[in-house]
Trainee: 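The structure under discussion is supplied below as structure tokens; questions concerning it will follow.
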Amino acid sequence: SQQGEEDPQALSIQEGENATMNCSYKTSINNLQWYRQNSGRGLVHLILIRSNEREKHSGRLRVTLDTSKKSSSLLITASRAADTASYFCATDEYTGTASKLTFGTGTRLQVTL
Amino acid sequence: GAGVSQSPRYKVAKRGQDVALRCDPISGHVSLFWYQQALGQGPEFLTYFQNEAQLDKSGLPSDRFFAERPEGSVSTLKIQRTQQEDSAVYLCASSLGGSHGKLFFGSGTQLSVL
């Protein structure tokens, strides 16, 4: 089952614009991570935000976390054609014996020239 | 190694065949995960190893799915008597420590069951 739901499912913007993706989840978490996946490839880790953090930056990426609303957002500023990919949020969920990362449904981002 | 390596990259199987998918994690990584990703969906958790111990197999869809990591490094995901609904990309990921940290993914094995 998918823990997170990303919104929107698909996003098309022009190069230079900002892209914002949202993620909502259901259970308490230790951290929330964002991953990127190019077509036909594995996922690449972008950024991790802990449950006691509210905002984090990494280059052109900005992530926010609101644990009271169980939601996170990923902002990509000054987008480039190379940012075209699917983006997934992932939350860690404790199963009783270990934690596992549970991924959302993803946002497909298309950046056009 | 430089990254997580999975083989084969593509696998076509006839319905009813057994398949074995291999994952070579980054050297020294303690945790290893298998995920299944259907077309247009996010990865779905299958199973988790910490060294050679399989701590969680709650995501395995049926008893036709079996995973092992006997020496705490290379892992194999085996699917017996494949069905068409098993067609998906199978992703392996590893992490240095426990399961809270960031995962390093392989490129996956795309399984097509005809």
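Everything numeric in this text was worked out from a predicted model, so none of it was measured. These values consider heavy atoms only, across backbone and side chains, with no hydrogens, waters or symmetry-generated copies. Lettering of chains follows the sequences in order, A, B, ..., and the numbering in each one begins at 1.
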Trainee: Is the distance between the ring centroids of A:F103 and B:F45 under 6.0 Å?
Mentor: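 For A:F103 and B:F45, the ring centres are not under 6.0 Å apart.
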Trainee: Are there over 12 heavy-atom neighbours, none belonging to B:L114, within less than 6.0 Å of that residue's CG?
Mentor: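 Check passes, neighbour count above 12.
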Trainee: Applying a strict under-4.5 Å side-chain criterion to I, L, V, M, F, W and Y, I'd like to know whether B:V89 and B:F65 cluster together.
Mentor: no
Trainee: Under 4.5 Å heavy-atom distance to chain A, tell me which part of B:Y35 shows up: side chain, backbone, both or neither.
Mentor: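 Contact with chain A: side chain only.
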Trainee: Taking atom CZ of A:F88 and atom CD of B:Q37, what is their separation to the nearest 0.5 Å?
Mentor: 5.0 Å
Trainee: For a side-chain contact (heavy atoms from CB on, under 4.5 Å) check, start with the C-alpha distance between A:L101 and B:L103, then their side-chain angles and the critical distance, and finish with the verdict.
Mentor: CA-CA 9 Å; A:L101 272 189; B:L103 300 187; 3.7 Å; yes
Trainee: What part of B:Q110 is in contact with chain A, defined as an atom under 4.5 angstrom from a non-hydrogen atom: side chain, backbone, both or neither?
Mentor: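 Neither; nothing under 4.5 Å.
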Trainee: In sequence, state the C-alpha distance, the side-chain angles, and the governing distance for A:V44 and B:F104, and then conclude on side-chain contact (heavy atoms from CB on, under 4.5 Å).
Mentor: CA-CA 7 Å; A:V44 175; B:F104 294 82; over 6 Å; no
Trainee: Quick check: are there more than 12 heavy atoms from other residues, nucleotides or ligands sitting under 6.0 Å from CZ of B:R64?
Mentor: yes
Trainee: Considering residues, nucleotides and ligands other than A:R60, do more than 12 of their heavy atoms fall under 6.0 Å from its CZ?
Mentor: yes
Trainee: Can you confirm whether B:E85 is buried at CD, in the sense that more than 12 heavy atoms of other residues, nucleotides or ligands lie under 6.0 Å from that atom?
Mentor: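 Counting other residues, nucleotides and ligands, CD of B:E85 exceeds 12 neighbours.
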Trainee: Identify whether A:I47 and A:L32 are in the same connected component of the hydrophobic contact network (ILVMFWY, side-chain heavy atoms under 4.5 Å).
Mentor: yes
Trainee: Below 4.5 Å from any heavy atom of chain B, which atoms of A:Q9 appear? Answer side chain, backbone, both or neither.
Mentor: neither
Trainee: For a quick test of reading the model, state the closest non-hydrogen atom pair linking B:S107 to A:R41 and the distance between them.
Mentor: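 Answer, listing the atom of B:S107 first, then A:R41: OG-NH2, 3.2 Å.
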Trainee: Establish whether B:L21 and B:L32 are linked, either directly or via other cluster members, by ILVMFWY side-chain heavy-atom contacts under 4.5 Å.
Mentor: yes
Trainee: Can you see which heavy atom on B:L91 is nearest to which on A:G42, and at what distance?
Mentor: CD2-CA, 4.2 Å
Trainee: Which value, rounded to the nearest 0.5 Å, describes the distance between B:T47 atom OG1 and A:K100 atom NZ?
Mentor: 10.0 Å
Trainee: Ignoring hydrogens, what is the shortest heavy-atom contact between A:Q33 and B:K102? Give both atom names and the distance.
Mentor: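 Taking A:Q33 first and B:K102 second, the nearest heavy atoms are OE1-CA, 3.4 Å.
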Trainee: Would one find more than 12 heavy atoms of other residues, nucleotides or ligands at under 6.0 Å from atom NZ of A:K56?
Mentor: yes
